[in-house]
Protein chains: 2
Amino acid sequence: MTEIPDQDIEASITADDVAALAGVSRWTVARAFKKDASISRKSRDKVMAAAEKLGYAPDLLAASLASDRSNLVALITNDFNNPHKLVLLERLTRTLWSHGWGTLLVHMSDSDDASAALLAASQRRVDAAVMMGTRFDDKVLETALGARRVKKLVIFARYSPNPNTLTISCDDVLAMREISDHLLTKSIRRPHYIAGPNTQSAKLQRKESFARYWAEATGAEVPVTYTSGYDFNAAIEAVMQIFGETPREVWPDALVCENDILAIGAMDALRYRFGLDVPRDVAVTGFDDIPLAASPAYNLTTYRQPITEMCLKLLEILDSKRSDSVFVPGRFVTRTSS
Amino acid sequence: MTEIPDQDIEASITADDVAALAGVSRWTVARAFKKDASISRKSRDKVMAAAEKLGYAPDLLAASLASDRSNLVALITNDFNNPHKLVLLERLTRTLWSHGWGTLLVHMSDSDDASAALLAASQRRVDAAVMMGTRFDDKVLETALGARRVKKLVIFARYSPNPNTLTISCDDVLAMREISDHLLTKSIRRPHYIAGPNTQSAKLQRKESFARYWAEATGAEVPVTYTSGYDFNAAIEAVMQIFGETPREVWPDALVCENDILAIGAMDALRYRFGLDVPRDVAVTGFDDIPLAASPAYNLTTYRQPITEMCLKLLEILDSKRSDSVFVPGRFVTRTSS
DNA sequence: AAGGAATTTGCTCGCGGGTGCAAATTATTC
DNA sequence: GAATAATTTGCACCCGCGAGCAAATTCCTT
């Protein structure tokens with residue numbers, strides 16, 4: 001009979017050690033740790049007792065290598081200015097984790113392309129890569145996908161028509177129709193759309209949707225200003241430009257912002273640079289419903305993305321129960337900024 | 001001569017394939033990809049050419065298994081309400097990534113303890129675990145460390161006296177002295193400290209430091225209110241309590257907040273619930289210098305953590321060039337809220 | 001050109017556990 | 001109780017690469 005070493009000696013405990021202690025084979029130990037494996041009640045108990053005694057936990061690295069399944073998902077993102085990212089991150093990690101998935105966070109700096117991030121992910125054998133509300137270039141993506149195999153590539157909270165890609169996103173079209181209808185009931189005449197940087201791909205569909213509905217309803221075109229980034233300073237600049245360079249008579253009476261952080265910057269600019277009142281002089285709407293949107297300082301009318309549902313859809317994709325893009329309706333949140 | 005398979009056939013390319021194409025052994029391929037390995041210029045070129053042709057990239061999983069070094073760091077956190085977390089996350093991932101470290105993000109829900117997170121991390125063989133600005137229980141930590149070996153455990157942007165642990169943190173003591181001095185020059189008489197939840201361990205040293213300096217300078221004690229969490233609603237409640245339950249004559253003339261998100265909530269409460277002016281009626285200071293602190297709406301006086309330096313210290317620890325705790329001075333940022 | 005040092009290359013063995021099948025055990029039927 | 005079916009267990013082989021040493025090659029020196 002082999003000596004079982006004291007449990008705190010440097011060497012780590014493997015399935016073999018547990019097997020020896022439990023008096024079974026290594027493979028029985030593996031089965032004990034596997035959901036619905038073919039194993040008798042008795043041996044499982046024996047194994048579990050031995051495992052607990054030794055403080056054994058399966059090595060996920062070795063398991064991934066052997067099984068070609070890592071239970072790892074790469075979360076790729078590049079825009080860390082938006083507090084909404086934090087919400088997405090939190091929900092994604094929590095949901096995935098509670099379903100047995102680990103998350104590898106890959107920060108893709110704006111300058112470099114997606115390939116490096118995807119390559120790094122694939123080198124760790126992730127089962128899927130999730131581009132999280134991230135702008136990226138479709139062409140780069142194409143080549144990256146060609147060269148390096150990432151089993152599944154999901155675009156989360158954003159939209160890409162790339163056929164090698166799955167989109168999970170809020171239903172922007174529906175959302176903008178609601179915002180549009182809302183502004184109409186508030187007798188808005190001249191809305192102005194404030195969009196993030198104008199990128200080639202992986203965009204949101206908010207601007208187009210809003211413009212289309214507004215044109216359908218009123219026949220008027222919606223002017224658009226693109227900011228230099230998704231942060232409130234960029235929004236302040238945009239508002240300075242819009243209101244600074246046009247005569248007061250043609251000032252917009254509503255700012256429809258692509259997301260909350262732009263909306264908050266816009267509100268600050270309106271109030272502190274132009275002394276305007278929101279919503280009396282200008283109404284403002286956002287998108288995402290970040291925590292700050294509910295603060296008494298902003299009370300922002302916005303649209304909440306259905307993150308929980310979106311996470312569930314992601315799980316379905318990971319479990320291969322789904323393989324098509326999906327657009328989930330969110331919820332319009334009316335507050336006093338409009 | 002072996003047939004080289006077309007590069008896009010399902011099977012993934014291993015070092016063996018590259019070796020065959022380059023006409024060298026598998027180990028030479030490995031050396032070509034290793035910094036300062038003993039290999040001739042000629043073979044390295046041959047290997048690299050072959051690798052590029054096949055689209056080969058080393059499998060990091062297999063490498064970790066074989067070498068007992070994963071180049072993976074677990075980032076463990078649990079408080080996703082604070083936008084400052086996003087800054088920390090961004091910096092950490094980016095710094096680590098650019099130095100060859102992958103980051104495993106582990107979300108530790110407030111309810112459960114650190115053990116589960118640490119266990120999960122160790123199962124993936126992380127080289128180190130970083131608790132990121134996270135409250136946790138020291139006792140749990142102790143047992144978790146005993147049972148499961150995580151090679152290095154770093155407490156980042158927080159402090160723990162646990163000897164199995166390394167702390168990398170902003171120098172809170174210095175910081176609070178500066179804030180304290182600043183308030184004295186502004187003739188503040190009755191500061192009130194707003195702290196986050198009162199936890200057992202892994203706390204910040206801000207409250208004690210401020211109270212101590214203030215007492216040294218004025219002989220007065222600083223009253224403290226603990227919020228129920230690090231979000232601005234909790235701060236609003238705290239302010240409601242402080243100002244709602246005491247007569248106007250003894251209202252504080254400054255709110256020293258443990259971080260920016262509390263400070264912002266406090267300012268909102270002062271302005272919108274009590275109609276007070278900041279800083280004329282009450283001065284407010286924060287900590288962290290989150291992006292919003294610079295917005296025209298808040299213009300918050302705060303203290304910026306030296307995140308860049310802290311990340312560099314972390315790298316030193318990962319590379320085993322350092323094995324002691326370190327407290328880095330940050331920078332006091334004066335704005336108009338005080 | 002020979003001898004030795006320095007450099008480069010190849011190889012055995014192992015990291016820890018999964019797959020899929022064959023052997024062994026247990027349960028079921030008549 | 002024997003024969004068969006169902007369940008449980010054991011095993012050879014593999015996943016892709018690294019440590020460390022031995023063999024082979026190259027470079028220097030005299």
Side-chain angles (χ1 to χ4, degrees), chain A residues 5 10-48 50-51 54-72 100 122-127 148-149 151, chain B residues 5 10-20 22-47 50-51 54-72 100 122-127 148-149 151:
Chain A
E10 193 50 50
S12 58
I13 310 108
T14 76
D16 280 314
D17 303 327
V18 179
L21 180 62
V24 296
S25 75
R26 182 160 75 65
W27 296 272
T28 303
V29 174
R31 284 192 190 94
F33 278 88
K34 195 168 151 191
K35 205 75 184 146
D36 21 79
S38 151
I39 186 176
S40 70
R41 176 68 192 266
K42 199 160 40 163
S43 353
R44 174 167 265 151
D45 290 350
K46 265 196 302 186
V47 169
M48 287 319 210
L54 295 178
Y56 166 79
D59 184 322
L60 262 32
L61 224 60
S64 310
L65 184 59
S67 72
D68 213 54
R69 191 155 185 285
S70 60
N71 275 291
L72 253 189
S122 76
Q123 286 190 275
R124 304 230 184 236
R125 292 207 183 189
V126 297
D127 291 331
R148 265 285 108 194
R149 202 167 355 269
K151 300 177 202 163
Chain B
E10 193 49 49
S12 58
I13 310 107
T14 76
D16 279 314
D17 303 326
V18 179
V24 297
S25 74
R26 181 161 77 66
W27 296 272
T28 303
V29 174
R31 278 189 268 264
F33 278 89
K34 196 168 152 191
K35 206 77 181 144
D36 20 78
S38 152
I39 186 177
S40 70
R41 176 69 192 267
K42 201 160 42 164
S43 350
R44 174 166 263 152
D45 291 349
K46 267 197 300 188
V47 169
L54 296 178
Y56 167 78
D59 184 323
L60 263 34
L61 223 63
S64 311
L65 184 59
S67 72
D68 215 54
R69 192 156 185 283
S70 62
N71 275 290
L72 254 190
S122 77
Q123 285 189 276
R124 303 226 183 239
R125 293 206 181 191
V126 297
D127 291 330
R148 265 285 109 193
R149 201 166 355 270
K151 300 176 203 163

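Just so we're on the same page: letters track the sequence lines, and every chain starts at 1. All of these numbers come straight from a predicted model, not from anything done at the bench.
- OP1 and OP2 of C:dT19 both lie 4.0 Å or more from every side-chain N or O belonging to A:Ser67.
- When the P atom of D:dG18 is taken as reference, atom CG of A:Leu65 falls 12 Å away, rounded to whole Å.
- In this structure, A:Lys34 reaches the C:dT19 phosphate: one of its side-chain N or O atoms is under 4.0 Å from OP1 or OP2.
- Side-chain N/O atoms of B:Thr28 include one lying less than 4.0 angstrom from OP1 or OP2 on C:dG10.
- In this structure, the CG atom of A:Asp16 is 11 Å from the P atom of D:dC11, given to the nearest Å.
- For C:dG18, the base has no donor-acceptor partner in the side chain of A:Arg31 [N/O atoms by modelled type, under 3.5 angstrom].
- Rounding to the nearest 0.5 Å places CZ of B:Arg31 at 10.5 Å from CZ of B:Arg26.
- Residue A:Arg41 contributes atom CZ, which lies 24 Å from atom P of D:dA6 at whole-angstrom precision.
- Rounded to an integer number of Å, the gap from A:Arg124 CZ to D:dG16 C1' is 15 Å.
- Checked against D:dT9, D:dC15, C:dG17, the side chain of A:Thr14 finds its nearest nucleotide in C:dG17.
- Considering only heavy atoms from C-beta on, A:Arg124 comes within 4.5 Å of B:Leu72 through its side chain.
- Judged by atom type and distance alone, B:Arg26 reaches the base of D:dG18 through a side-chain donor-acceptor pair under 3.5 Å.
- For the pair A:Asn71 and A:Leu60, the minimum side-chain heavy-atom distance is 4.5 Å or more.
- Closest to the side chain of A:Ser25, from the set D:dG10, D:dG16, D:dC17, is D:dG10.
- Dashed line: the shortest gap from a side-chain N or O of A:Ser40 to OP1 or OP2 of D:dT7 is not under 4.0 Å.
- With contacts defined as side-chain heavy-atom distances shorter than 4.5 Å, the pair A:Arg69/A:Asp127 qualifies.
- Spacing between atom NZ of B:Lys42 and atom P of C:dT7 amounts to 17 Å, rounded to whole angstrom units.
- Remark: the A:Trp27 side chain and the D:dT8 base include no donor-acceptor N/O pair separated by less than 3.5 Å.
- Nucleic acid contact for B:Ile39: sugar-phosphate only, since backbone atoms but no base atoms lie under 4.0 Å from a heavy atom of the residue.
- Within the 4.0 Å cut-off from OP1 or OP2 of C:dT9, at least one side-chain nitrogen or oxygen of B:Ser43 is found.
- At least one donor-acceptor pair closer than 3.5 Å links the side chain of B:Asp17 to the backbone N or O of B:Thr14.
- Going from atom CG of A:Asp68 over to atom P of D:dG16 covers 8 Å, rounded to whole Å.
- B:Arg125 comes within 4.0 angstrom of sugar-phosphate atoms only, judged by non-hydrogen atoms across all strands, and of no base.
- For the pair A:Asp59 CG and D:dC17 P, the interatomic distance rounds to 17 Å; values are reported in whole Å.
- Between A:Arg125 and A:Asp68 there is a side-chain heavy-atom pair separated by less than 4.5 Å.
- Contact annotation: side chain of A:Arg69 to base of C:dG18, donor-acceptor pair absent below 3.5 Å.
- One atom, CD of A:Gln123, and another, P of D:dC15, lie 19 Å apart when rounded to the nearest Å.
- For A:Ser64, no side-chain nitrogen or oxygen approaches OP1 or OP2 of C:dG17 to under 4.0 Å.
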